[in-house]
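Structure first, commentary second.
In listed order, ligands and their atoms are each counted from 1.
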Amino acid sequence: MSEPVKVCVTGAAGQIAYSLLYSIAKGDVFGPNTPITLTLLDILPMEQVLGGVVMELMDCAFPLLKKVIPTCDEKVAFTDIDAAFLVGAMPRREGMERKDLLGANVKIFESQGKALDQYAKKTVKVVVVGNPANTNALICSKYAPSIPKENFSCLTRLDQNRAQAQIASRLGIANSDVSKVIIWGNHSSTQFPDVRHAVALVNGKKVPVPEAVKDDSYLKNEFLKTVQTRGAAVIKARKLSSAMSAAKATADHMRDWWFGTEGDNWVSMGVFSTGAYGVPEGVMYSFPVRIKNKQWTIVEGLEINDFAREKMDLTAKELIEEKTMADEVCKA
Ligand SMILES: NC(=O)C1=CN([C@@H]2O[C@H](COP(=O)(O)OP(=O)(O)OC[C@H]3O[C@@H](n4cnc5c(N)ncnc54)[C@H](O)[C@@H]3O)[C@@H](O)[C@H]2O)C=CC1
Ligand SMILES: O=C([O-])CC(=O)C(=O)O
């Protein structure tokens with residue numbers, strides 16, 4: 001067995017963490033042969049609940065789980081960690097947009113950025129889940145200047161999984177038979193779920209998704225809207241935001257970052273923009289990426305038509321507005 005991977009999950013007493021910790025401890029993320037030590041960060045009022053989560057992790061008797069350290073101290077949580085799952089943040093309620101959480105949540109990511117900068121390994125891989133995820137990830141990275149910007153990302157894999165499942169259901173095929181769906185931009189209702197380059201396996205043949213679906217109007221309207229507003233639909237139904245599916249997507253995101261993407265497949269992640277595809281520099285924008293040796297690279301050369309351009313610019317504009325708002329909150 002290899003050396004244990006040191007992993008931190010924040011918001012560890014919350015609902016996403018409840019499913020995510022199970023996946024991580026079971027070996028779904030870092031592999032079936034990698035031992036894990038876990039630090040679990042939450043806030044003081046949640047200390048007792050966190051204690052219950054620790055008891056349950058112990059009672060699972062996971063073979064890979066070597067140590068669990070619950071804490072309310074960022075230094076204890078982040079010291080020498082290899083991977084950080086930054087989940088801890090307030091969730092939205094019915095009727096809110098995710099950016100309405102900026103005022104409440106962005107300071108958490110300023111503080112955690114500073115702590116990561118001081119205590120984590122410089123190779124740490126960070127995925128931000130807490131909303132608004134893109135801008136929180138940007139702020140976190142800004143306050144951790146000694147850690148490469150490429151080591152920060154935000155979760156848009158849930159949107160990718162949602163889009164993939166919608167197409168699979170529409171075509172009556174397995175989820176695993178749909179690939180190369182792209183999420184561009186913000187994890188918000190302005191995101192652009194793009195299947196123009198996606199591929200479906202239909203009756204043993206690889207077919208471009210638009211050709212398989214044969215309904216451009218559906219792809220440009222109902223499909224887009226369904227994926228863009230899926231989070232809100234789950235909140236309306238459950239009175240709580242997505243948790244099981246968010247945890248699954250978070251595990252998918254980090255597993256692919258850790259082990260790489262297969263063949264010419266790609267996945268979507270929110271990463272720091274340096275101007276690819278005409279996206280403004282300096283925002284955390286979701287792009288299609290391929291991953292090798294724990295380094296992601298943006299897939300190049302995909303054709304962007306007028307429809308896509310308009311959608312990609314709209315979501316970029318929102319991210320620039322969020323960045324300005326976040327900087328103001330951090331200055332105050
Ligand atoms: N990016 C994505 O795809 C998704 C993002 N989310 C977001 O993830 C976040 C967490 O959602 P849930 O687990 O459902 O919420 P939850 O309310 O069940 O749990 C959040 C936990 O974070 C803790 N927390 C608050 N401040 C903290 C801090 N400074 N340090 C450490 N822990 C802290 C809370 O005490 C609580 O235990 C929310 O912001 C939600 O909107 C949810 C679903 C999908
Ligand atoms: O919608 C929310 O507030 C939670 C979330 O980010 C999602 O489910 O995609």
*Quick one: NZ on K180 to NZ on K206, what's the gap to the nearest 0.5 Å?*
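One finds 7.0 Å between NZ of K180 and NZ of K206.
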*asked:* Just verifying a value: how many Å separate L102 CG and M325 CE, rounded to the nearest 0.5 Å?
replied: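 So the CG of L102 and the CE of M325 are separated by 4.5 Å.
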_Heavy-atom closest pair, residues A200 and I173_ =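 Looks like CB-CD1, 3.9 Å.
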_Over all atoms of both residues, closest heavy-atom pair of I81 and A120_ =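 Closest approach of I81 to A120, heavy atoms only: CG1-CB, 3.8 Å.
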*Is S241 in polar range of ligand 2, meaning some N or O pair under 3.5 Å apart?*
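No.
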*Is the closest heavy-atom distance from L158 to ligand 2 below 4.0 Å?*
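Right, L158 reaches ligand 2.
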*Could you establish whether R230 and ligand 2 come within less than 4.0 Å of each other, counting only heavy atoms on the residue side?*
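Per 4.0 Å heavy-atom rule, R230 does not contact ligand 2.
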*asked:* Under 4.0 Å from a heavy atom of A13: which atoms of ligand 1 are those, numbered in the order shown and with their elements?
replied: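 By the 4.0 Å cutoff, the relevant atoms are 37 (O).
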*For L155, counting its heavy atoms only, list the atoms of ligand 1 lying under 4.0 Å from any of them.*
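In order of numbering, the contacting atoms are 1 (N), 2 (C), 3 (O).
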Among protein heavy atoms, which lies nearest [atom], and at what distance?
{"atom": "atom 15 (O) of ligand 1", "answer": "P91 CG, 3.5 Å"}
{"atom": "atom 20 (C) of ligand 1", "answer": "A89 O, 3.5 Å"}
{"atom": "atom 6 (O) of ligand 2", "answer": "H187 NE2, 2.6 Å"}
{"atom": "atom 42 (C) of ligand 1", "answer": "I16 CD1, 3.4 Å"}
{"atom": "atom 2 (C) of ligand 1", "answer": "H187 NE2, 3.2 Å"}
{"atom": "atom 19 (O) of ligand 1", "answer": "G14 CA, 3.2 Å"}
{"atom": "atom 8 (O) of ligand 2", "answer": "R162 NH2, 2.7 Å"}
{"atom": "atom 32 (N) of ligand 1", "answer": "G11 N, 3.4 Å"}
{"atom": "atom 3 (O) of ligand 2", "answer": "R92 NE, 2.5 Å"}

*Taking the six-membered ring of Y218 (Phe, Tyr or Trp), confirm whether the NZ or CZ of R170 is under 6.0 Å from its centre and within 45° of its axis.*
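That pair qualifies as a cation-pi contact.
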*Would you verify whether the NZ or CZ of K294 falls within 45 degrees of the ring axis of W258 while also being under 6.0 Å from that six-membered ring's centre?*
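Yes, cation above the ring, under 6.0 Å and within 45°.
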_Identified side chain to side chain contact (heavy atoms under 4.5 Å, CB included) counterpart of L116 within the set S111, S141, C140_ =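 When S111, S141, C140 are each tested with L116, the side chain to side chain contact (heavy atoms under 4.5 Å, CB included) holds only for C140.
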*asked:* Here's a test for you: under side chain to side chain contact (heavy atoms under 4.5 Å, CB included), which of L21, V7, V129, T10 qualifies with F85?
replied: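 Result for side chain to side chain contact (heavy atoms under 4.5 Å, CB included) with F85: V7.
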If you measure from each non-hydrogen atom of [X] to ligand 2, which part falls under 4.0 Å: side chain, backbone, both or neither?
{"X": "D159", "value": "neither"}
{"X": "I235", "value": "side chain"}
{"X": "Q228", "value": "neither"}

*asked:* Between E328 and K331, does any side-chain N to carboxylate O distance fall below 4.0 Å?
replied: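 No.
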Considering only heavy atoms, does [X] approach ligand 1 within less than 4.0 Å through its side chain, its backbone, both, or neither?
{"X": "A246", "value": "side chain"}
{"X": "L158", "value": "side chain"}
{"X": "Q15", "value": "both"}
{"X": "M90", "value": "backbone"}

*Is there a donor-acceptor pair under 3.5 Å between the side chain of D100 and the backbone N or O of R92?*
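Looks like no, no N/O pair under 3.5 Å.
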*Quick one: does A243 get within less than 4.0 Å of ligand 1, heavy atoms only?*
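False for this residue.
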*Would you call Q112 a ligand 1 contact, heavy-atom distance under 4.0 Å?*
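Contact check Q112 vs ligand 1: positive.
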*asked:* If only side-chain N and O atoms count, and only distance matters, is there a donor-acceptor pair under 3.5 Å linking N186 with E322?
replied: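 The answer is yes; a qualifying pair exists.
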*asked:* Is it true that S188 and E318 share a donor-acceptor pair across their side chains at a distance under 3.5 Å?
replied: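 E318 vs S188: donor-acceptor pair found between side chains.
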*Which of the atoms in ligand 2, numbered in the order shown and given with their element, are less than 4.0 Å from a heavy-atom of G231?*
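Atoms satisfying the 4.0 Å criterion: 1 (O), 7 (C), 8 (O).
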*Considering the heavy atoms of S242, write down every atom of ligand 2 situated less than 4.0 Å from one of them.*
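Those of ligand 2 that fall under 4.0 Å from S242 are 8 (O).
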_Derivation and outcome, side-chain contact (heavy atoms from CB on, under 4.5 Å), residues L319 and T135_ = CA-CA 7 Å; L319 281 169; T135 300; 4.0 Å; yes
Winner among [options] once heavy atoms are compared against [atom]:
{"atom": "atom 26 (N) of ligand 1", "options": "I108, L86, T10, T71", "result": "I108"}
{"atom": "atom 28 (C) of ligand 1", "options": "V129, V87, I43", "result": "I43"}
{"atom": "atom 37 (O) of ligand 1", "options": "D42, V49, N136, V127", "result": "D42"}

_Residue pair S146, K122: steps toward the side-chain hydrogen bond (donor to acceptor under 3.5 Å, both in side chains) verdict_ = CA-CA 7 Å; S146 70; K122 300 304 169 202; 2.8 Å; yes
*Between Y285 and F287, how do the two ring planes meet: parallel, tilted or perpendicular, split at 30° and 60°?*
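Ring orientation of Y285 relative to F287: tilted.
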*Given the side-chain rings of W184 and Y277, with only the six-membered ring counted for Trp, is the space between their centroids under 6.0 Å?*
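When the ring centroids of W184 and Y277 are compared, they turn out to be within the sub-6.0 Å range.
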*Is the ring centre of F62 less than 6.0 Å from the ring centre of Y22?*
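Ring-ring flag for F62/Y22: true, centres closer than 6.0 Å.
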*Does G88 reach ligand 1 with a nitrogen or oxygen that is under 3.5 Å from one of the ligand's nitrogen or oxygen atoms?*
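No, there is no polar N/O contact under 3.5 Å.
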*State whether the shortest distance between N or O atoms of N131 and N or O atoms of ligand 1 falls below 3.5 angstrom.*
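Yes: some nitrogen or oxygen of N131 is under 3.5 Å from one in ligand 1.
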